[in-house]
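What you see below is based on every heavy atom in this structure, not just the backbone, and it leaves out hydrogens, waters and symmetry mates. Everything numeric in this text was worked out from a predicted model, so none of it was measured.
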Amino acid sequence: MHFTTVANGRCPLSDEPILELRNVTRKFGGLTAVNDLSFSVRRNSIHGLIGPNGAGKTTTFSLISGYYRPTSGRIFYQGDDVSGLKTSRLAQRGLIRTFQGTTLFQEFSVIDNVRVGCHRSAGAGFVSRITGGDAPTEREADRKARDALELFDLGPMANEPASSLPHGHQRALGMAVALAADPTLILLDEPFTGMNPEETRRMMEHVRRIRDERDITIMLVEHDMQAVMGLCERITVMNFGQFLTEGAPQEVANDPRVIEAYLGRNEDAA
């Protein structure tokens, strides 16, 4: 297996972890999907979580983002134990997750989709919205929405229906919606799925800009190894629900255990 790394500008990283998993296990009946998993993510980094199909990556994301509660172990976010905290509470703290499938309101305009993402920090109630009593808050939400669209080069498409956007732009719009929620840490679930090489290149640039210009920590699950190796400062590898190894992209790419996990033993491949 051959992985390539791509040189890119990187802001200084903090050694302080923004996220830490300590001996986290998640069982579903008799199946152990995640088993005694421990790793940490440094603040302001771009951190990859990879592994073969069925390795437990998506379950791990669901544990971090509050969709599942750990069977055992603890999850710390910004120094606080958030194990089992609900997704909505984590979002209020700035931990935002995107999904593999683009979850947009297809009948809404592009900018209205992003305005929805502003709800966490807008603080406006339903009654005040319909009576116009929250006009200053709505103006601020509109400003934030347009700012997010510009970051993803979607400004000229603000008034178009989301359903009219090509796949790559829809994925970028999903990222803009997440950005409008004022994240401190974004979990990206396969952000490059279904993209052609040009769309992937542009999305990689967007991810770097989010981290570099907004000081947002990025953690991603992704199968596009070229994108992972080109973006991430550090990569955690899982296999069979367990921690396999961790390191810089080139270290991970050359690790025999990683190659074996993806391709199987040489005698098995014969």
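A salt bridge does not link R211 to D215: none of the charged side-chain nitrogens sits closer than 4.0 Å to a carboxylate oxygen. Residues E16 and R42 are not paired through a salt bridge, judged by the lack of any N-O separation under 4.0 Å between the basic side chain and the carboxylate. A salt bridge links R115 with D112; the closest basic N to acidic carboxylate O contact falls under 4.0 Å.
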Checking side-chain hydrogen bond (donor to acceptor under 3.5 Å, both in side chains) for the pair R43/T217: CA distance, chi angles, key distance, verdict?
-> CA-CA 6 Å; R43 189 178 299 273; T217 305; 5.9 Å; no
Under the side chain to side chain contact (heavy atoms under 4.5 Å, CB included) rule, what do I111 and R146 come out as? Steps first, then yes or no, please.
-> CA-CA 7 Å; I111 192 166; R146 293 186 184 279; 3.4 Å; yes
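Put simply, the residue from I96, V114, T98 that forms a side chain to side chain contact (heavy atoms under 4.5 Å, CB included) with V177 is V114.
Side-chain atoms of R26 come within 3.5 Å of backbone N or O of R69 as a donor-acceptor pair.
The heavy-atom pair separating S83 from R74 by the smallest distance is OG-CA, 3.2 Å. Shortest non-hydrogen contact noted between D189 and R171 is O-NH2, 3.8 Å.
Residues meeting the side chain to side chain donor-acceptor pair (under 3.5 Å) test with E140, sequence neighbours left out: R143. With sequence neighbours excluded, the residues satisfying side chain to side chain donor-acceptor pair (under 3.5 Å) with E198 are R201.
Close placement of the F28 and Y68 rings is indicated, their centers lying within 6.0 Å of each other.
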